[in-house]
There are 2 protein chains.
Amino acid sequence: MVKRVSLDHSSCPVARSLDVIGDWWSLLIIRDALEGVQRFTAFQSSLGIAKGMLASRLRTLVERGIFEQRPASDGSAYREYVLTAKGQALHIVVAALRQWGETQLYGPTERHSSLVDTLDREPVAPLTLRASNGRSLEWSDTRVIKVDAARY
Amino acid sequence: MVKRVSLDHSSCPVARSLDVIGDWWSLLIIRDALEGVQRFTAFQSSLGIAKGMLASRLRTLVERGIFEQRPASDGSAYREYVLTAKGQALHIVVAALRQWGETQLYGPTERHSSLVDTLDREPVAPLTLRASNGRSLEWSDTRVIKVDAARY
DNA sequence: TATGCATGGTCTCATCTTGAGACCAGTATG
DNA sequence: CATACTGGTCTCAAGATGAGACCATGCATA
């Protein structure tokens, strides 16, 4: 899958991240995986994605170390896709997207799924930026320090 | 810009968010805007995006309430694009992507830009999930509660 | 063990999206 | 007034996607 534009060598971690997971389907596949989906057919029916696309996406996500394929845990000869540690680390990105959607994209009467603490089933707290000492930061309290690169 | 698949009415906030900002360029445009870019030409030269794409993306992002256009602050007759509150709220998503990229996508010798506390120029702390009482949570301590929807 | 269905794909084709660049009207500048 | 910059639009070729036909293997069951 040759990409039109590649940000693979960008000095901006945001760009490089999007190069890996920034296409239309990848984060949805990862969201499902974080919720326990493992089998090809399960992804397909959950997402309504075309088979060819799903096969192609899973292949590149495996290549990029987000998923790995392993024998099915139920003893059958089929295989399943599980997130690597690198893939699991995306849970915070998915959570951030979720919280943004919840607060910005739903009307007061619309229902949506929620991420909750398993213990008390209370919604998790809104993510906040913090300084290294734990102090809460606004966006305006931060800045991006660039390394040399005219375009990134 | 008609989309092949629309998740606009999904009950999953992750899906609905991706419907708004999930394409290849939108988050990069927003990243630049968060760092102070405001003018059409500035986005174009920063991103290396085709003019037509940039015009189209900015148009839909304005339609969707992420950006607004207003007269240029320097007194010229040109206009500039600034993030709305809804758009600014995406800073946490961008920060999450940035941190994931920093930790997972760079070799030890590679340099990258960093998000720091303006005060002491120290990197911001890693984002973590927290329970409503502030207790730190692992991904495995949480679960997603769904509303009824076979496909979402 | 023969039959049939589920799984996990590949391949092709039509359609939609994107990138590159020509072109243009209005604005600033010397 | 001449020229360059800004912020677009339009077109066309090429790349990406969706739908679905087709297929090899695994599994279930009579």
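Each chain gets a letter, A, B and so on, in the order its sequence line appears, and its residues count up from 1.
A straight line from CG of A:Asp74 to C1' of C:dT7 spans 12 Å, rounded to a whole angstrom. In this structure, A:Ile29 atom CD1 and D:dT17 atom P are separated by 11 Å, rounded to whole Å. One atom, CZ of A:Arg39, and another, C1' of C:dA6, lie 10 Å apart when rounded to the nearest Å. In this structure, the CG atom of B:Asp23 is 14 Å from the C1' atom of D:dA16, given to the nearest Å. Taking atom CZ of B:Phe43 as the reference point, atom P of D:dG7 lies 11 Å away to the nearest angstrom. With rounding to whole Å, A:Arg57 atom CZ is found 12 Å from D:dG18 atom C1'. Put simply, CE on B:Met53 is 16 Å from C1' on D:dG7, counting in whole angstrom units. The CZ atom of B:Phe40 sits 6 Å away from the P atom of D:dG8 (whole-angstrom rounding).
For the salt bridge (Lys or Arg N to Asp or Glu O under 4.0 Å) test, no residue two or more places apart in sequence or in another chain qualifies with A:Glu122. Residues satisfying the side chain to side chain donor-acceptor pair (under 3.5 Å) criterion with A:Ser114, sequence neighbours excluded, are absent altogether.
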Quick tally for nucleotides 23-30 of chain D: nucleotides whose base has a protein heavy atom under 4.0 Å get B, sugar-phosphate-only ones S, the rest -, giving ---BS---
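Note on residues 81-92 of chain A: pairs passing side-chain hydrogen bond (donor to acceptor under 3.5 Å, both in side chains), not counting sequence neighbours, are A:Gln69-A:Tyr81.
Nucleotides of DNA chain C nearest to A:Glu80 and A:Gly52 differ in position, and the one nearer the 5' end is that of A:Glu80. Place B:Tyr81 and A:Ile49 on DNA chain D by their nearest nucleotides, and B:Tyr81 ends up nearer the 5' end.
A salt bridge links A:Arg98 with A:Glu35: the distance from a Lys NZ or Arg NE/NH1/NH2 to an Asp or Glu carboxylate oxygen falls below 4.0 Å.
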Audit row: A:Phe67, A:Val82, side chain to side chain contact (heavy atoms under 4.5 Å, CB included) steps and yes/no
CA-CA 5 Å; A:Phe67 279 95; A:Val82 297; 5.7 Å; no
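As judged by a 4.0 angstrom heavy-atom cut-off over every strand, A:Gln69 is placed among residues touching the sugar-phosphate backbone only.
Its side chain outside the 4.5 Å cluster rule for every partner, A:Tyr78 clusters with none of the Ile, Leu, Val, Met, Phe, Trp and Tyr residues.
Contact check, A:Trp25 against D:dG18: a side-chain N or O comes under 4.0 Å of OP1 or OP2.
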Indicate every side-chain donor-acceptor pair of residues 125-134 of chain A with a distance under 3.5 Å to a residue at least two apart or in another chain.
| from | atom 1 | to | atom 2 | distance (Å) |
| --- | --- | --- | --- | --- |
| A:Arg130 | NH1 | A:Gly134 | O | 3.1 |
| A:Asn133 | OD1 | A:Arg135 | N | 2.9 |

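Residue A:Arg59 has its side chain nearest to C:dT10 when only D:dG8, C:dT10, D:dT6 are considered.
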